[in-house]
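Below you'll find the structure, written out as structure tokens, and then a few comments.
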Amino acid sequence: DAKTTQPPSMDCAEGRAANLPCNHSTISGNEYVYWYRQIHSQGPQYIIHGLKNNETNEMASLIITEDRKSSTLILPHATLRDTAVYYCIVRVVDSWGKLQFGAGTQVVVTP
Amino acid sequence: EAGVTQFPSHSVIEKGQTVTLRCDPISGHDNLYWYRRVMGKEIKFLLHFVKESKQDESGMPNNRFLAERTGGTYSTLKVQPAELEDSGVYFCASSHPRRALGDTQYFGPGTRLTVL
């Protein structure tokens, strides 16, 4: 699976959009981009995933660049409960195998 | 629908003792995974079951760790004998076997293991 690069931390004001970048320049054509997050003292939580089209669900939006070498997770209206470590993970399509977590981005939402 | 559950939530044992962690996956999920995070490090994969078979155990650190999933339902992870470096949080995750594209893993709350 391709390696990802994320900023170690970022702050966001409550109610504003949080835009979390992720670089995955070595991504292959058969690899998805997944986002998970871990709120303190809880297990990782799935957020969203995509292959090449932009995706949106009730939690977030995922924007993948046309060359697929980077992506952005958007939390449209951040709340204090969105404070967590966010992980961008690249994984082969149709794979039921392991997730490879990196260091992620520590997001702190402030009032 | 109940989520992934893990027991116990916390365990404190002394070096050399044995500890068994249990994971109950979401009903109907054939895929079951174990991960762990040791202090200050990233979350690391340990192993993957498909039903009762070990699909990938490449992340198991050594032979002091034994994972089982008899009957393809719940799983146990035994550490015997425990060492100080085994301290950390052990997560279990499960996923549905027949999702067409993209496999979403659902994680339990974890078991915090402290070896003194």
Side-chain angles (χ1 to χ4, degrees), chain A residues 1 3-6 8-9 22 27-60 62 64 68 71 73 84-106, chain B residues 2-7 9-10 21 23-26 29-51 53-60 67 88-112:
Chain A
D1 295 333
K3 182 177 172 60
T4 63
T5 303
Q6 299 177 252
S9 64
C22 179
I27 194 169
S28 300
N30 66 341
E31 290 181 314
Y32 274 111
V33 179
Y34 280 81
W35 284 83
Y36 280 76
R37 72 179 182 184
Q38 186 180 19
I39 297 170
H40 183 62
S41 297
Q42 298 182 20
Q45 177 189 25
Y46 166 80
I47 301 173
I48 198 167
H49 73 278
L51 185 60
K52 56 183 178 181
N53 298 318
N54 297 338
E55 302 287 345
T56 296
N57 63 19
E58 65 278 4
M59 290 182 68
L62 174 60
I64 302 174
R68 300 187 68 243
S71 60
L73 178 74
V85 179
Y86 287 76
Y87 299 96
C88 172
I89 299 169
V90 170
R91 190 148 167 266
V92 176
V93 170
D94 288 342
S95 166
W96 280 278
K98 59 192 174 188
L99 293 170
Q100 299 196 53
F101 290 86
T105 296
Q106 172 67 66
Chain B
V4 177
T5 58
Q6 294 187 244
F7 182 84
S9 57
H10 294 83
L21 314 181
C23 168
D24 285 79
I26 294 171
H29 281 193
D30 287 352
N31 294 292
L32 187 149
Y33 307 82
W34 283 98
Y35 295 83
R36 77 171 179 178
R37 163 179 264 154
V38 296
M39 184 70 73
K41 299 290 181 67
E42 298 166 1
I43 298 172
K44 293 293 187 184
F45 165 82
L46 295 179
L47 88 159
H48 169 206
F49 283 100
V50 177
K51 297 185 179 180
S53 300
K54 293 176 183 175
Q55 182 74 16
D56 180 359
E57 51 184 328
S58 61
M60 294 289 265
V89 183
Y90 289 76
F91 295 105
C92 176
S94 71
S95 69
H96 192 277
R98 287 182 294 278
R99 189 174 176 84
L101 289 174
D103 163 49
T104 298
Q105 295 184 19
Y106 298 89
F107 283 77
T111 293
R112 180 173 296 277

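Predicted model only: the values in this text are computed from it and were never measured. Order of the sequence lines sets the chain letters (A, B, ...), proteins ahead of strands, with each chain counted from 1.
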Is there a side-chain contact (heavy atoms from CB on, under 4.5 Å) between Phe91(B) and Gln38(A)? Walk through the geometry before answering. CA-CA 12 Å; Phe91(B) 295 105; Gln38(A) 186 180 19; 3.1 Å; yes
Chain B interface, residue from Pro44(A), Gly43(A), Gly104(A) that has the most non-hydrogen pairs under 4.5 Å: Pro44(A)
Passes side-chain contact (heavy atoms from CB on, under 4.5 Å), Phe107(B) versus Leu99(A)? Steps please. CA-CA 12 Å; Phe107(B) 283 77; Leu99(A) 293 170; 4.0 Å; yes
Does Lys54(B), at its NZ atom, have more than 12 non-hydrogen atoms belonging to other residues, nucleotides or ligands within less than 6.0 Å? yes
Which atoms form the tightest heavy-atom contact between Gln105(B) and Tyr36(A), and what is the distance?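 So the minimum-distance heavy-atom pair works out to N-OH, 3.0 Å.
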Please give me the minimum heavy-atom distance between Thr104(B) and Tyr46(A), naming the atom from each residue.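 Scanning both residues completely, I find the closest heavy atoms to be CG2-CG, 3.4 Å.
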Would you give the length of the straight line joining atom OH of Tyr35(B) to atom NZ of Lys98(A), rounded to the nearest 0.5 angstrom?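 That separation rounds to 9.0 Å.
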